[in-house]
*Asks:* 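To start, I am sharing the structure in question, which I have written as structure tokens.
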Protein chains: 2
Amino acid sequence: MPRERESAAEPAGGRRPLSRELIVREAIAFIDDEGITALTMRALAGRLGVEAMSLYRYVNGREDLLEAVVGSLVERIEVAPPDDEGLAANWHGYLQWLAHSVRDVALQHPAIFPLVATRHPAATWLRPPLRSVRIVEQFLTTLIQHGFREEQAVEIYRVFTSFLLGQLLLEVAARGESTAPVQVPLDEGDADVPNRDEELDIARFPTVARLRSLLSEDHSQAEFERSLEALLDRLDLLFAQ
Amino acid sequence: MPRERESAAEPAGGRRPLSRELIVREAIAFIDDEGITALTMRALAGRLGVEAMSLYRYVNGREDLLEAVVGSLVERIEVAPPDDEGLAANWHGYLQWLAHSVRDVALQHPAIFPLVATRHPAATWLRPPLRSVRIVEQFLTTLIQHGFREEQAVEIYRVFTSFLLGQLLLEVAARGESTAPVQVPLDEGDADVPNRDEELDIARFPTVARLRSLLSEDHSQAEFERSLEALLDRLDLLFAQ
DNA sequence: ACCCGTGGTTTACAGCGTAAGTCTGTCTCC
DNA sequence: GGAGACAGACTTACGCTGTAAACCACGGGT
């Protein structure tokens, strides 16, 4: 006798029943695969083997879906390092760990992070829908319990967040570039050579031309670590206790 | 005798003839007024007293229009400080001036800056369409001529850009919040109280609750100056010459 | 007188988000 | 067993979007 199933509504298609979580998860996968502009209600529904309007029972329209997607990613940010690594013992360790946690999520979903960055910069994390209070809470309490004054903690929160935002936005963009397939138009050959004048004008921009390869190198990882270190050192200096 | 007009095609309607520049300018004003999602080809055309399809003679579709909008804003960034202020004499002065130039543009068009930030982080400024090579060129040459090695100049460019990006994204978001009218639904009173549980849970997040006013204060201006100073000092240290 | 480029309009269409109605199978209570 | 109730999907329909394509008006140039 087969193990009982909690839902008898399985139409023998092996299709999991719809749910908000499933829809959001699939939306994330979809955006990862095909980009955010390709995400339409119908297309997403199709991927779930379902009609578009069915989604509306679980999701309050496309805007709400995107909110949920962002929320889901924010949820994945770990708030506290595992005890056994002793990272929580000093605030350097904590901030370092948090930065990497955010970075991991951002790099796992490069197509979504810009959305997170523009719709939920730290400034708006405390407005409904409250997406990440728990991160802020953890952040502030950790710093305060390590001896910072309240205003200092808040200031560090701001500095730290804007640092992360800029750094990751750039890194995500850089990676998207290097991995993106070169967009060859594959149109009819009618296209008149329009991008010749777009070519880098070596006469006008000699330095950029000379340093081009240097500029397009990807140091993201190392640079991230170094900049993070620098930020922490600076905080050390600023708030020497 | 009235001064002669260079265009005899004026249909007595007082309407300037269409042009790419005019369209882009109007699009910027539109976004400033009504936000980016409200910008549709028909709406913009209507504002120009013209039919939607007329825009397509000057603009290669909506996507191209947005590109042009971003490009126009990037163009407005001044590349070099006026000679008479002596800011170009030291690289601190130059970077400070450049940072403020970018900041001015960002704060003048808060609804557009996120678009600039996500579509044109520094990493993509060197790919066609080459939007801001001249900024990069000026940046690099200035630093190099002040004694930095080439790799240093490139690294500073990266650090500086990610700093600006994060800082301004946050500031723009913060300002948008404080000035945004509180979105009261004005629907029928049918709406069941759904945002009660969204309220800040004081029990679970005591620190955030306590520091809420501190967190929502707007120190953007002062903080921007301070962070910029700190960054420059750090660069001083790092590349002490 | 003709033509043709310039700068617009008109018409048309596919695809979007989504409001509203409808079907269908299962659960619950008698 | 029968009768609702109801959840979870599908179907239809509407208004709006971006945009392709065809169509005019008209002001010189030859």
Side-chain angles (χ1 to χ4, degrees), chain A residues 2 4-27 30-31 34-69 115 185 187-188 190-192, chain B residues 4-27 30-31 34-69 115 185-188 190-192:
Chain A
E4 64 177 17
R5 292 167 163 273
E6 75 296 345
S7 164
E10 198 110 0
R15 212 164 74 212
R16 277 165 306 179
L18 238 43
S19 76
R20 188 169 226 265
E21 289 67 38
L22 178 63
I23 292 176
V24 170
R25 216 169 9 191
E26 199 68 32
F30 194 112
I31 298 178
E34 323 205 16
I36 209 157
T37 62
L39 177 74
T40 75
M41 299 303 274
R42 287 183 235 257
L44 179 60
R47 205 161 140 143
L48 286 160
V50 118
E51 224 60 27
M53 288 310 290
S54 305
L55 305 180
Y56 282 81
R57 193 156 301 266
Y58 305 94
V59 154
N60 227 330
R62 193 185 127 105
E63 202 56 23
D64 178 52
L65 172 60
L66 288 180
E67 279 294 325
V69 163
L115 203 69
D187 236 348
E188 60 268 26
D190 189 9
D192 47 352
Chain B
E4 64 177 15
R5 294 170 162 268
E6 74 295 347
S7 165
E10 199 109 358
R15 210 165 76 213
R16 280 165 303 179
L18 238 42
S19 77
R20 189 170 225 265
E21 289 66 37
L22 177 63
I23 291 176
V24 170
R25 217 170 6 192
E26 198 67 32
F30 194 111
I31 299 177
E34 323 205 15
I36 209 157
T37 62
L39 178 75
T40 74
M41 299 304 274
R42 288 185 236 259
L44 179 60
R47 205 161 140 141
L48 285 159
V50 118
E51 225 59 28
M53 288 311 291
S54 307
L55 306 180
Y56 282 82
R57 193 159 300 265
Y58 305 92
V59 153
N60 228 329
R62 192 185 128 104
E63 201 56 22
D64 177 52
L65 172 60
L66 289 180
E67 278 295 323
V69 162
L115 203 70
L186 63 79
D187 237 347
E188 61 267 29
D190 188 9
D192 48 353

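Here is the naming used below: chain letters follow the sequence lines, and residue numbers restart at 1 for every chain.
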*Asks:* For the atom pair CG (B:L44) and CZ (B:R42), what is the distance rounded to the nearest 0.5 Å?
*Replies:* 12.5 Å
*Asks:* How long is the line joining CG of A:L18 and C1' of D:dA9, in whole Å?
*Replies:* 9 Å
*Asks:* Separation of B:M41 atom CE from C:dA14 atom P, in whole Å?
*Replies:* 20 Å
*Asks:* Take atom CG of A:D64 and atom C1' of C:dT18, then tell me their distance rounded to the nearest Å.
*Replies:* 13 Å
*Asks:* Of all the choices, C:dT10, C:dT18, D:dT17, which nucleotide is nearest to the side chain of A:M53 once you look at every atom?
*Replies:* C:dT18
*Asks:* Got a sec, which residues hit side chain to side chain donor-acceptor pair (under 3.5 Å) with B:R20, two or more places apart in sequence or on another chain?
*Replies:* B:D64
*Asks:* Can you say whether a donor on the side chain of A:R42 sits under 3.5 Å from an acceptor on the base of C:dG17, or the other way round?
*Replies:* yes
*Asks:* Classify the nucleic acid contact of B:S54 as base, sugar-phosphate or nothing, counting any heavy atom under 4.0 Å across all strands shown.
*Replies:* base
*Asks:* For residues B:P17 and B:L22, report the shortest heavy-atom separation together with the two atoms involved.
*Replies:* O-CD2, 3.7 Å
*Asks:* Which whole-number value in Å describes the distance from A:E63 CD to C:dA19 P?
*Replies:* 13 Å
*Asks:* Check every strand shown and say whether B:R57 touches a base, only sugar-phosphate, or nothing at a heavy-atom separation below 4.0 Å.
*Replies:* base
*Asks:* Quick one: A:Y56 OH to C:dG17 C1', roughly how many Å, whole number?
*Replies:* 5 Å
*Asks:* Just the rounded figure in Å: distance from C1' of C:dT18 to OH of A:Y58.
*Replies:* 18 Å
*Asks:* Could you tell me how far apart A:R62 (CZ) and C:dA19 (P) are, to the nearest whole angstrom?
*Replies:* 15 Å
*Asks:* Restricting to non-hydrogen atoms, name the atom on A:R47 and the atom on A:E34 that form the minimum distance, rounded to 0.1 Å.
*Replies:* NH1-OE2, 4.0 Å
*Asks:* Figure out the CG/P separation between A:L39 and C:dG17, and round it to whole Å.
*Replies:* 8 Å
